[in-house]
Amino acid sequence: MNAPESLLNQARNGDRRALGRAITLVESTRRDHREQARRLLEAALPESGKAIRLGITGTPGVGKSTFIETFGLHLLEAGRRVAVVAVDPSSKRGGGSILGDKTRMPELSRSLDAFIRPSPTAGTLGGVARRTRETMLLLESVGYDVVIVETVGVGQSETAVAEMVDMFLLLLSPAGGDELQGIKKGVVELADLFLINKADGDLEKAAQRAAAEYRHALGLLKPSYKDWQPKVQLCSALTGAGISKVWETVTAFHESLAPSGALKDRRAAQAQAWFWQTLEEGLLQTLKDDPAVKAALPALEGAVRDGTTTPTLAAEDLLARFLRRS
């Protein structure tokens with residue numbers, strides 16, 4: 001049996017190191033690795049697509065790691081297998097802050113039914129899309145039935161993550177409307193469930209007031225689905241209060257959208273968008289690798305910077321050189 005398929009079978013038999021190597025393979029940009037990764041993904045595809053896919057984001061300091069650990073442990077108790085993919089758009093080599101997630105989720109990371117993986121983007125949102133999506137397929141194919149994609153903050157990468165999951169959760173602190181003002185409207189519109197964390201102790205009343213404000217604000221937004229109105233709930237990752245209710249809501253979300261085919265349509269649209277994005281990235285890389293393009297590029301970029309030509313004319317010139325060689 002060839003190595004990629006063998007690696008996948010080892011991962012399916014519970015070899016976590018083999019799973020880690022498989023994910024590293026699909027993350028690699030080396031040309032010799034891409035063919036192996038293609039075979040690996042082809043072998044994984046028939047067993048993928050069966051998991052519940054969740055995206056979670058929130059402002060820094062809101063307690064995402066604590067929430068994910070508490071939520072993940074609840075899912076383990078319910079008999080689920082949980083995978084967490086933490087996306088770090090700032091990391092190129094060292095993994096950035098999310099490499100600390102395994103230490104911030106110590107109990108979850110020790111469980112044999114949980115798997116935590118940082119997914120640095122190498123500085124591009126395309127990196128988020130391709131690497132994270134392919135990692136999700138691998139995790140699903142080896143038996144993880146809840147896949148959580150965590151982002152490190154509230155920004156542009158949230159749109160990319162929302163476009164690869166079934167349900168998008170926005171974690172908030174009991175700061176009321178002031179915090180809502182600081183979050184981009186686009187991110188708010190992506191969310192299917194708003195969770196006000198830290199609703200315990202002295203902050204419980206503030207959390208209740210914040211919930212009322214968020215519910216009022218949501219009344220001004222058009223929901224993404226005709227069969228689902230975004231919810232606002234309170235929880236405490238520290239005490240565990242409200243965590244079971246979060247899972248009930250996730251289940252209700254799927255039960256509301258599955259009969260109409262809305263979830264199936266969402267995944268189909270995501271797959272189609274992924275296809276075109278991958279095609280565009282491949283064509284762009286092919287263009288950049290072309291000898292004629294490489295030779296002309298410095299002078300054309302200089303002319304654009306100097307204002308002696310327009311970006312449109314320079315791009316058309318470059319494309320013409322490329323097409324003449326094709």
Side-chain angles (χ1 to χ4, degrees), residues 12 41 44-58 67-68 70-85 87 113-115 128-129 132-151 158-171 186-195 214-215 218-219 221-235 242-277:
R12 284 174 173 163
L41 289 168
L45 192 58
E47 297 300 321
S48 66
K50 301 172 185 176
I52 293 174
R53 302 170 180 175
L54 300 176
I56 296 181
T57 191
F67 170 80
I68 291 173
T70 304
F71 183 56
L73 292 172
H74 173 76
L75 295 179
L76 295 181
E77 291 178 1
R80 296 283 183 167
R81 298 188 69 210
V82 182
V84 179
V85 183
V87 173
D113 287 321
F115 189 86
V128 173
T132 306
R133 282 185 173 119
E134 293 180 351
T135 296
M136 289 170 63
L137 291 181
L138 285 179
L139 291 167
E140 290 177 345
S141 75
V142 301
Y144 292 98
D145 54 6
V146 179
V147 178
I148 298 171
V149 184
E150 175 199 6
T151 67
E158 272 60 33
T159 300
V161 171
E163 291 173 351
M164 65 181 77
V165 298
D166 302 328
M167 187 179 190
F168 197 61
L169 283 61
L170 178 58
L171 206 61
V187 175
V188 173
E189 290 176 333
L190 294 172
D192 303 298
L193 176 59
F194 293 76
L195 296 173
Y214 291 131
R215 291 188 183 105
L218 287 181
L221 299 177
K222 182 179 178 180
S224 301
Y225 302 98
K226 65 181 181 65
D227 296 323
W228 181 259
Q229 180 68 39
K231 315 285 184 195
V232 178
Q233 293 178 198
L234 303 179
C235 68
I243 296 298
S244 61
K245 179 65 175 177
V246 174
W247 179 239
E248 290 174 10
T249 303
V250 171
T251 303
F253 174 86
H254 279 75
E255 290 175 349
S256 297
L257 300 184
S260 67
L263 274 182
K264 183 179 179 181
D265 291 344
R266 179 180 177 87
R267 287 196 177 187
Q270 289 173 345
Q272 185 177 20
W274 181 10
F275 163 74
W276 279 107
Q277 183 179 33

Would you mind telling me which of F168, Y225, W247 makes a ring pair (Phe, Tyr, Trp, His ring centres under 6.0 Å) with F253?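 The residue from F168, Y225, W247 that satisfies ring pair (Phe, Tyr, Trp, His ring centres under 6.0 Å) with F253 turns out to be Y225.
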With the side chain counted from C-beta on, respond yes when [X] and [Y] share a heavy-atom pair under 4.5 Å apart, and no when they do not.
| X | Y | answer |
| --- | --- | --- |
| V161 | T57 | no |
| F71 | I148 | yes |
| V82 | D113 | no |
| D145 | K50 | no |
| W274 | E134 | yes |
| L73 | L76 | yes |

Donor-acceptor contact present, side-chain R12 to main-chain S141, <3.5 Å: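 The answer is yes, because a donor-acceptor pair under 3.5 Å joins these two groups.
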Looking only at heavy atoms, which two atoms of [X] and [Y] are closest? And how far apart?
| X | Y | result |
| --- | --- | --- |
| H254 | L263 | CD2-CD1, 3.3 Å |
| V146 | A51 | N-CB, 4.2 Å |
| V165 | Q270 | O-NE2, 2.9 Å |
| G58 | L170 | CA-CD1, 4.2 Å |
| D192 | W228 | O-NE1, 3.0 Å |
| Q229 | L218 | NE2-O, 4.4 Å |

Inter-residue atom distance [X].[atom1] - [Y].[atom2], 0.5 Å rounding:
| X | Y | atom1 | atom2 | value |
| --- | --- | --- | --- | --- |
| T135 | M164 | OG1 | CE | 10.0 Å |
| T249 | K231 | OG1 | NZ | 7.5 Å |
| T132 | L137 | OG1 | CG | 11.0 Å |
| L169 | E150 | CG | CD | 12.0 Å |
| H74 | S244 | NE2 | OG | 5.0 Å |
| Q233 | R215 | CD | CZ | 8.5 Å |

Would you sort out whether R267 and D166 count as a side-chain contact (heavy atoms from CB on, under 4.5 Å), showing the intermediate values? CA-CA 8 Å; R267 287 196 177 187; D166 302 328; 2.7 Å; yes
Excluding sequence neighbours, so at least two apart, what forms salt bridge (Lys or Arg N to Asp or Glu O under 4.0 Å) with R266?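 Once residues adjacent in sequence are excluded, R266 has no partner under the salt bridge (Lys or Arg N to Asp or Glu O under 4.0 Å) criterion.
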